[in-house]
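The next block holds one structure in the form of structure tokens; read it before the comments.
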2 protein chains.
Amino acid sequence: MARAATTSDTFNAIAEPQRRDILTLLRSGERSVTDLARELGISQPSASKHLRVLREVGLVQAREEGKQRLYGLDARGLREVHEWVGGFEQFWAGSFDRLDAYVRELKKTRAED
Amino acid sequence: MARAATTSDTFNAIAEPQRRDILTLLRSGERSVTDLARELGISQPSASKHLRVLREVGLVQAREEGKQRLYGLDARGLREVHEWVGGFEQFWAGSFDRLDAYVRELKKTRAED
DNA sequence: TTGACGCATTCCGTTATCGGAATATGATTG
DNA sequence: CAATCATATTCCGATAACGGAATGCGTCAA
């Protein structure tokens, strides 16, 4: 068994830096495959493959425009990621070093005196 | 070239469901490796390997306690993920169907009349 | 010291990923 | 229809990921 298929798994889809870059670019509007490839400095087939993954998890959608295919952002699938990660917010707000925790404990104890 | 190393990449570290489950479990406190394996229904070596990945990206930390090793959460690394994903919030707030966008465009145009 | 326990590591086989090159498909234009 | 442009797919090779089984290693208890 290898890693879970990236298809139908948003977390895996955004685990790839190039795919994150594609999504970021698409925030400013639709792009053709060639444009994306050029802006990212990758080959056309590579861009096409990444777009396929993003399409399969529903993070982008394609629109036919003549012989071009314009890809647009559909970020709704990112909500799940945002919420999962957000569940940890209390754990990074403030510092949670072991030392810091110890210091906080100390202060708390003293305050109770 | 294969996939980027999961090591030193938080996005990749949380792309694996079992590892997400481990992090979730650790929100309620430290656990030993064996406890985690049992609670997740996976083998001890498997748990140990996932913990290694999480340790290497800094999402967990280990503390020696007798012959056990207690793993604790250090979620600070998740902040980066939360912020990146959060940058897309405006795109999933409200619906962004093509139809909806069209309707919004229409309303906007009329408002300008 | 020996044995048991807890954990990490290694080795192995299977599967998936990624980039590149070549090629296929599909639409537009002449 | 032929040529061209834009995109998708396929094939390939190298690499990495994952789980399982076996093993190594340190710690504690008797």
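Convention: sequence-line order gives letters A, B, ...; per-chain numbering from 1.
At least one side-chain nitrogen or oxygen of H50(A) sits closer than 4.0 Å to the OP1 or OP2 atom of dG19(C). In this model, the phosphate group of dG19(D) is not approached by any side-chain N or O of S43(B) to a distance below 4.0 Å at OP1 or OP2. Residue R52(B) places none of its side-chain N or O atoms closer than 4.0 Å to OP1 or OP2 of dC7(C). Within the structure, a side-chain polar atom (N or O) of Y71(A) is placed less than 4.0 Å from OP1 or OP2 of dA8(D).
In this structure, the CD atom of Q61(A) is 17 Å from the P atom of dT7(D), given to the nearest Å. Here dC7(C) presents its C1' atom at 16 Å from CG of L54(B), a figure rounded to the nearest Å. Remark: P of dT15(C) and CD of E16(B) are 17 Å apart, rounded to the nearest angstrom. Residue I42(A) contributes atom CD1, which lies 15 Å from atom C1' of dT17(C) at whole-angstrom precision. When the C1' atom of dA8(D) is taken as reference, atom CZ of R55(A) falls 8 Å away, rounded to whole Å. Whole-Å rounding puts the L36(B) CG to dC7(C) P distance at 9 Å. Here the P atom of nucleotide dA6(D) and the CZ atom of R63(A) are 17 Å apart, to the nearest Å. Taking atom CG of residue L51(A) and atom C1' of nucleotide dT7(D), one finds them 10 Å apart after rounding to whole Å.
Within 4.0 Å (heavy atoms only), Q68(A) reaches sugar-phosphate atoms of the nucleic acid but no base atom. Using a 4.0 Å heavy-atom criterion, one finds that S48(A) contacts the bases of the nucleic acid, with or without backbone contacts as well. Contacts of E64(B) with the nucleic acid, taken as non-hydrogen atoms under 4.0 Å apart, are absent.
Under 3.5 Å, the side chains of Y71(A) and R63(A) contain no donor-acceptor pair of N or O atoms. Using a 3.5 Å distance cut-off with no hydrogens or angles, the side chains of R31(A) and S28(A) do pair a donor with an acceptor.
When each of dG19(C), dG19(D), dG6(C) is scored by its nearest atom to the side-chain atoms of K67(B), the top-ranked nucleotide is dG6(C). Of the candidates dA8(D), dA21(D), dG19(C), the closest approach to any side-chain atom of K49(B) belongs to dA21(D). For R69(A), counting side-chain heavy atoms from C-beta on, the closest listed nucleotide (dA8(D), dG19(C), dA21(D)) is dA8(D).
Here the side chains of L59(A) and D74(A) are not in contact, with every heavy-atom distance at 4.5 Å or above.
By the 30° and 60° cut-offs, the orientation of the rings of F11(A) relative to W84(A) is perpendicular.
Cation-pi geometry between R27(B) and F88(A) is met: under 6.0 angstrom from the ring centre, within 45 degrees of the axis.
The residue among Q18(B) and L70(A) whose nearest nucleotide of DNA chain D is located toward the 5' end is L70(A).
Looking at Q44(A), its side chain has no donor and acceptor atom pair within 3.5 Å of the base of dA6(D).
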